[in-house]
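Here the structure is a predicted model, which means the values were calculated and not measured.
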Amino acid sequence: LTQSLDSPRWHALEATWIHQFGRLMVFESHTDVAKVQQVWKYIPQRLYKRFPDADFYLIIDDDVFINGRLLLDYLQFRDPQERALYGPGFCDWGVRHELKTRA
């Protein structure tokens with residue numbers, strides 16, 4: 001999620017690490033807080049619809065730096081069939097309860 005594809009943050013991602021990932025969906029917020037909250041709510045569903053065969057999904061904001069090698073090192077020990085969310089506890093997009101009940 002980025003303010004716009006013309007923002008300095010997006011250009012920083014392009015200049016550093018975003019090229020390490022071949023399949024991307026970029027959401028622009030244009031700074032409207034209400035719209036931003038709605039965008040975050042539906043990102044997981046939109047990612048799955050566009051990339052249903054992906055083993056993992058990475059959802060970040062435009063102020064995050066990802067070391068692709070370290071991320072892949074971490075994911076190699078994770079089961080792509082496991083229904084799991086990794087990250088801060090508050091980032092469950094409303095699916096944590098569903099995942100717990102299916103476990």
Nearest heavy-atom contact between F65 and T16 is CE1-CB, 4.2 Å
Sorted by chain and residue number, the side chain to side chain donor-acceptor pair (under 3.5 Å) partners of H19 (sequence neighbours excluded) come out as none
Identify every side-chain donor-acceptor pair in residues 47-60 under 3.5 Å, counting partners at least two apart or on other chains, and give the distances.
unit_1	atom_1	unit_2	atom_2	d
D53	OD1	R23	NH1	3.4
Y57	OH	F51	O	2.5

For V64 and L13 the tightest heavy-atom approach is O-CD2, 3.6 Å
Residues passing the side chain to side chain contact (heavy atoms under 4.5 Å, CB included) test with E82, sequence neighbours excluded, are D79, A84, Y86
Side chains of residues 71-78: which donor-acceptor pairs under 3.5 Å do they make with residues two or more places apart or in other chains?
unit_1	atom_1	unit_2	atom_2	d
Y74	OH	R78	NE	3.2
Y74	OH	R78	NH2	3.2

With sequence neighbours left out, the residues meeting side chain to side chain donor-acceptor pair (under 3.5 Å) with Q20 are none
- Non-hydrogen side-chain atoms of W10 and D62 separated by less than 4.5 Å: no
